[in-house]
Amino acid sequence: MAVNVRPLHDYILVKVVEEGEEVRGGIVIPDTAKERPQQGEVVAVGPGKKTDDGKLVPLDVKVGDRILFSKYGGSELPRSLKIDSEEHLLMHEGDVLAVLEPSKAESAKVGAKK
């Protein structure tokens, strides 16, 4: 089922970024023993949070940001709502620990490729 998800309030929709499979000493770690990924890309953002006096405070994260979030932050979307068969989380902006920005050296490489 194709579906568009529009977060409300201070919620954001995050596409989970799988980190490379770790092999230590030739031992493959099974999926059940792996830790939950903690990085993602912001796919959609809500309008912001309302203060007690009714003012709307916009979110600090924006679509396209790569983020680091708390290990147990967010809620998985039901399987029936999988977007492009990839895992997505719906979370409060408060679950975001940091925005991962490319280093200046990395940005220069990208600029030189264009």
Side-chain angles (χ1 to χ4, degrees):
M1 169 170 84
V3 65
N4 290 326
V5 178
R6 182 176 52 94
L8 302 175
H9 310 294
D10 65 333
Y11 280 94
I12 61 174
L13 182 64
V14 177
K15 179 174 78 171
V16 175
V17 175
E18 293 289 335
E19 296 162 15
E21 183 177 319
E22 291 182 30
V23 178
R24 295 183 185 160
I27 300 172
V28 177
I29 302 168
D31 288 339
T32 55
K34 291 181 183 175
E35 290 192 17
R36 184 173 173 196
Q38 293 177 266
Q39 290 186 33
E41 181 181 338
V42 178
V43 176
V45 297
K49 188 172 185 173
K50 285 194 177 182
T51 61
D52 291 337
D53 59 354
K55 292 181 182 176
L56 188 66
V57 178
L59 302 181
D60 288 329
V61 297
K62 60 187 179 306
V63 173
D65 280 350
R66 189 167 176 120
I67 61 167
L68 182 67
F69 52 88
S70 59
K71 183 182 269 188
Y72 301 106
S75 300
E76 292 181 13
L77 293 180
R79 288 186 180 177
S80 61
L81 294 179
K82 289 262 181 181
I83 303 168
D84 299 327
S85 71
E86 295 180 329
E87 184 181 359
H88 286 71
L89 298 173
L90 196 59
M91 65 179 64
H92 281 285
E93 185 188 36
D95 290 333
V96 175
L97 303 174
V99 175
L100 302 173
E101 297 176 344
S103 67
K104 291 181 182 182
E106 200 57 38
S107 296
K109 287 180 189 176
V110 172
K113 288 182 182 180
K114 289 184 179 179

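These numbers come from a predicted model, not from an experiment.
- The line from NE2 of His88 to OG of Ser75 is 14.5 Å long, rounded to the nearest 0.5 Å.
- Linking ILVMFWY side-chain heavy atoms closer than 4.5 Å, directly or via other members, places Val99 and Val42 in a single hydrophobic cluster.
- Across all their heavy atoms, Val14 and Gly40 have their closest contact at CG1-CA, 3.6 Å.
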Residues 54-65 side chain polar contacts: donor-acceptor under 3.5 Å, at least two apart:
| unit_1 | atom_1 | unit_2 | atom_2 | d |
| --- | --- | --- | --- | --- |
| Lys62 | NZ | Asp65 | OD1 | 3.1 |
| Asp65 | OD2 | Lys62 | N | 3.0 |

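- For the residue pair Glu41 and Val17, the shortest heavy atom distance occurs at N-CG2, 4.0 Å.
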Worked check of side chain to side chain contact (heavy atoms under 4.5 Å, CB included) between Glu76 and Glu87 | CA-CA 7 Å; Glu76 292 181 13; Glu87 184 181 359; 3.5 Å; yes
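- Cluster partners of Leu68, using a side-chain heavy-atom cutoff of under 4.5 Å among ILVMFWY residues and allowing indirect links, are Leu100.
- Contact check for Arg66 versus Gln39: side-chain heavy atoms found under the 4.5 Å cut-off.
- Counting heavy atoms of neighbouring residues, nucleotides and ligands inside a 6.0 Å radius, atom CG of Asp53 exceeds 12 of them.
- Separating the OH atom in Tyr72 from the CD atom in Gln38 is a distance of 8.5 Å, to the nearest 0.5 Å.
- Residues Met91 and Ile12 form a side-chain contact, since some pair of their non-hydrogen atoms from C-beta on lies under 4.5 Å apart.
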Test log, rule side chain to side chain contact (heavy atoms under 4.5 Å, CB included), inputs Leu89 and Phe69 = CA-CA 11 Å; Leu89 298 173; Phe69 52 88; 3.6 Å; yes
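- Evaluation of the salt bridge (charged side-chain N to carboxylate O under 4.0 Å, His left out) rule for Lys50 yields no partner, not counting sequence neighbours.
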